[in-house]
**Q** 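Have a look at this one.
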2 protein chains.
Amino acid sequence: MALRHAVLAALLDGEYSGYQLAKIFDVSVSNFWHAVPQQLYAELARLEAEGLISGRRVIQKDRPNKRVYTVTPAGLRELERFAATAAKPGIIRENLLVMVQAVDHISAEPVIARLEERAEISAAKIEIFRRTLQRLRGDMDEETYLRHGSPVGPYLTCLRGLRFEQENLEWFQSTARLLRERAAARTEEGG
Amino acid sequence: MALRHAVLAALLDGEYSGYQLAKIFDVSVSNFWHAVPQQLYAELARLEAEGLISGRRVIQKDRPNKRVYTVTPAGLRELERFAATAAKPGIIRENLLVMVQAVDHISAEPVIARLEERAEISAAKIEIFRRTLQRLRGDMDEETYLRHGSPVGPYLTCLRGLRFEQENLEWFQSTARLLRERAAARTEEGG
DNA sequence: GAACGCATGTAAACTGTTACATGATTAT
DNA sequence: ATAATCATGTAACAGTTTACATGCGTTC
């Protein structure tokens with residue numbers, strides 16, 4: 001289980017509640033780790049019980065109270081130990097690519113529709129990544145920030161996320177176009 | 001559960017045994033779906049029980065006998081139905097990116113070592129993808145194959161896998177280089 | 001007062017991973 | 001003989017997902 005390490009890594013950035021963490025996992029962290037809110041609430045409870053994070057109650061007037069967490073020295077040691085072990089190859093699960101894999105044997109129209117849906121989502125994600133990068137580097141240019149800025153870890157992973165989504169978008173668009181052209185060519189032939 | 005659909009999509013390519021399928025999932029299909037052999041054996045049994053694939057015993061003299069499977073018309077309908085539903089966004093889990101996310105707070109050397117390990121694995125995967133693409137398109141050039149070749153689904157997903165690994169390789173290498181430079185700069189400062 | 005966003009949790013159902021087990025055949 | 005590759009499976013355990021449940025405060 002490495003969800004705990006993803007949570008610890010995300011909490012290095014500052015104090016967050018389970019709810020806030022869920023949002024972070026939905027945007028920036030989602031590039032390299034997927035988790036639903038319920039997983040996070042459960043994992044935060046376990047990490048606190050093990051002393052790897054410590055929680056602090058925050059009383060709010062305008063909203064329900066919340067519990068925010070920070071990484072303890074023991075948590076940092078756990079991350080250090082994790083980084084020393086061989087990283088397993090990443091795992092990926094993409095329903096859309098399963099559909100494309102099968103496209104020679106099933107109707108192409110629904111697959112094209114899915115590709116176009118996902119292209120829009122990708123475009124939106126690209127915008128979010130761009131803004132996150134801008135916010136992180138402030139008024140520095142990218143090269144300067146990469147050489148001297150801090151923290152550089154979140155910047156680097158966000159950069160990877162951006163490239164991944166850009167490649168996704170391009171592939172979704174070119175694949176949709178290609179499948180449409182092939183469908184049109186077959187219609188002309190057949191009709 | 002969409003492992004079943006990944007298995008069905010992979011079986012469209014031809015008749016395969018669980019063992020052969022495990023190898024296919026380890027190379028080409030691994031770009032968009034991860035599964036260990038035990039999952040495949042269990043899923044094949046379930047799919048056959050539900051009539052979505054049909055198995056056939058193949059007696060071999062030189063090796064142990066095996067059971068190969070093909071997609072039934074019911075299996076094809078199941079795939080068709082699957083393609084008509086909205087594709088959930090893909091999920092990804094990358095330990096290596098978790099480590100990079102935390103790199104400002106832990107020692108950089110082990111992280112750099114992991115990046116270099118993974119860069120080599122990526123380079124090997126890139127070679128496999130290139131050869132797979134060549135084998136699929138035979139003596140056609142890529143553009144011609146994409147327009148008129150068949151099957152185009154496996155070619156398109158393989159192309160996505162190739163691009164992904166190329167981006168990985170580039171990111172692993174540039175990130176390792178950058179972290180090494182930053183570590184060197186800090187040593188000079190501090191020493 | 002209905003809907004929405006904030007905030008957290010439990011329980012059940014489903015999936016996925018690991019360890020173990022077996023046995024054939026071929027190559028060294 | 002010993003290891004490697006082919007071939008398949010069971011059982012125990014770990015992790016993930018979904019459904020359900022609760023309640024505060026603000027906006028429409």
Side-chain angles (χ1 to χ4, degrees), chain A residues 1-7 15-27 29-30 32-50 53 55-69 82 85-95 98, chain B residues 1-7 11 15-27 29-30 32-50 53 55-69 85-95 98:
Chain A
M1 181 194 24
L3 167 60
R4 59 196 312 96
H5 302 116
V7 170
E15 275 191 330
Y16 295 113
S17 67
Y19 190 85
Q20 288 175 294
L21 212 49
K23 292 206 147 182
I24 293 168
F25 265 72
D26 228 35
V27 287
V29 176
S30 66
F32 56 91
W33 210 272
H34 163 85
V36 295
Q38 287 73 11
Q39 268 178 284
L40 298 175
Y41 284 119
E43 194 60 45
L44 286 168
R46 249 177 275 145
L47 285 168
E48 192 179 19
E50 292 172 40
I53 61 176
R56 184 170 72 78
R57 190 166 186 73
V58 174
I59 281 96
Q60 300 183 123
K61 312 168 223 171
D62 49 341
R63 298 174 207 191
N65 298 334
K66 64 181 176 182
R67 193 167 176 76
V68 296
Y69 301 89
F82 167 66
T85 65
K88 292 187 201 171
I91 77 159
I92 196 163
R93 274 170 211 182
E94 258 291 8
N95 283 330
V98 173
Chain B
M1 181 194 26
L3 167 61
R4 60 197 311 99
H5 301 116
V7 170
L11 281 178
E15 273 191 331
Y16 296 113
S17 67
Y19 190 85
Q20 289 175 294
L21 212 50
K23 293 206 147 182
I24 293 168
F25 265 72
D26 228 35
V27 287
V29 175
S30 65
F32 56 91
W33 209 272
H34 163 85
V36 295
Q38 286 73 10
Q39 267 178 286
L40 299 175
Y41 284 119
E43 194 61 45
L44 287 168
R46 250 176 273 142
L47 285 168
E48 192 180 17
E50 292 173 41
I53 60 176
R56 183 170 72 79
R57 190 167 185 72
V58 174
I59 281 95
Q60 298 183 123
K61 312 168 223 172
D62 49 341
R63 299 173 205 192
N65 298 333
K66 64 182 177 181
R67 194 168 175 77
V68 296
Y69 300 90
T85 64
K88 293 187 200 169
I91 76 159
I92 196 162
R93 274 170 209 184
E94 259 292 7
N95 282 330
V98 174

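Every chain is numbered from 1, with letters handed out A, B, ... down the list of sequences. Atom set for the values below is all heavy atoms of this structure, side chains included, hydrogens, waters and symmetry mates excluded.
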**Q** Please report the distance, rounded to the nearest Å, between CZ in A/F25 and P in D/dT16.
**A**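 Rounding to the nearest Å, CZ of A/F25 and P of D/dT16 are 11 Å apart.
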**Q** With side chain to side chain contact (heavy atoms under 4.5 Å, CB included) as the test, pick out the partner of B/V7 among B/V29, B/L40, B/I24.
**A**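 Single pass found, and it is B/L40.
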**Q** Can you sort out the partners of A/Y16 under ring-ring contact (aromatic ring centres under 6.0 Å, His included), two or more places apart, ordered by chain and number?
**A**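 Residues passing ring-ring contact (aromatic ring centres under 6.0 Å, His included) with A/Y16: none at all.
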**Q** Using a heavy-atom cut-off of under 4.0 Å over every strand shown, decide if A/R57 touches base, sugar-phosphate, or nothing.
**A**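 No contact.
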**Q** Apply side chain to side chain donor-acceptor pair (under 3.5 Å) to B/Y41 and list each qualifying residue two or more places apart in sequence or on a separate chain.
**A**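 Residues passing side chain to side chain donor-acceptor pair (under 3.5 Å) with B/Y41: none at all.
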**Q** How close or far is atom P of D/dT17 from atom NZ of B/K88, stated in whole angstroms?
**A**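 Spelled out: NZ on B/K88 to P on D/dT17 is 8 Å.
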**Q** At what distance, to the nearest 0.5 angstrom, does CG of B/L11 lie from CG of B/L47?
**A**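 Interatomic distance, B/L11 CG to B/L47 CG, rounded to 0.5 Å: 8.0 Å.
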**Q** In whole Å, I'd like the distance from the CZ atom of B/R93 to the C1' atom of D/dA14.
**A**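 That distance rounds to 12 Å.
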**Q** Where do N or O atoms of nucleotides 21-28 of chain D meet protein N or O atoms at under 3.5 Å, pair by pair?
**A**
from: D/dG25; atom 1: O3'; to: A/D62; atom 2: O; distance (Å): 2.9

**Q** Could you tell me which residues satisfy side chain to side chain donor-acceptor pair (under 3.5 Å) with B/E43, sequence neighbours excluded, listed by chain and number?
**A**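 B/E43: side chain to side chain donor-acceptor pair (under 3.5 Å) contacts with B/R4, B/R46.
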**Q** First contact, last contact: which nucleotides of DNA chain C are these for chain B, 5' to 3', heavy-atom distance under 4.0 Å?
**A**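 Both ends considered, the range comes out as C/dT15 to C/dT26.
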**Q** Please find the pair of heavy atoms, one from B/S30 and one from B/F25, that lie closest to each other, and give the distance.
**A**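 What the structure gives for the nearest pair is CB-O, 3.0 Å.
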**Q** Roughly how many Å is it from CG in B/L40 to P in D/dT8, rounded to a whole number?
**A**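 After rounding, the gap between these two atoms is 11 Å.
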**Q** What residues form a side chain to side chain contact (heavy atoms under 4.5 Å, CB included) with A/N65, not counting sequence neighbours?
**A**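 Result, side chain to side chain contact (heavy atoms under 4.5 Å, CB included) vs A/N65: A/R57, A/I59, A/Q60.
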**Q** Report the distance from atom OH of B/Y69 to atom P of D/dA7, rounded to the nearest whole Å.
**A**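 Spelled out: OH on B/Y69 to P on D/dA7 is 13 Å.
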**Q** On DNA chain D, compare the nucleotides closest to B/I91 and B/A45; which residue's is nearer the 5' end?
**A**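 Comparing both residues, the 5'-ward one is B/A45.
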**Q** Between D/dT16 atom C1' and A/Y41 atom OH, what is the distance in whole Å?
**A**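 Distance, rounded to whole Å: 17 Å.
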**Q** Among D/dT16, D/dA7, D/dC6, which is the nearest nucleotide to the side chain of A/L3?
**A**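 Looking only at side-chain atoms, A/L3 lies closest to D/dT16.
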**Q** From A/I91 CD1 over to A/H34 NE2, what is the distance, rounded to the nearest 0.5 angstrom?
**A**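 It is 10.0 Å, given to the nearest 0.5 Å.
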**Q** Quick one: on DNA chain D, does A/A35 or B/R67 contact a more 5' nucleotide (nearest heavy atom)?
**A**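 That would be B/R67.
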**Q** Starting from the 5' end of DNA chain C, give me the residue, A/K66 or A/A42, whose nearest nucleotide shows up first.
**A**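 First, find each residue's nearest nucleotide; the 5'-ward one identifies A/K66.
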**Q** Contact class for A/R46 (heavy atom, under 4.0 Å): base, sugar-phosphate, or nothing?
**A**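 The residue A/R46 makes no contact with any strand.
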**Q** Hey, is the main chain of A/V36 close enough, under 3.5 Å, to the side chain of A/Q39 for a donor-acceptor pair?
**A**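 Judged by distance alone, yes, a pair lies under 3.5 Å.
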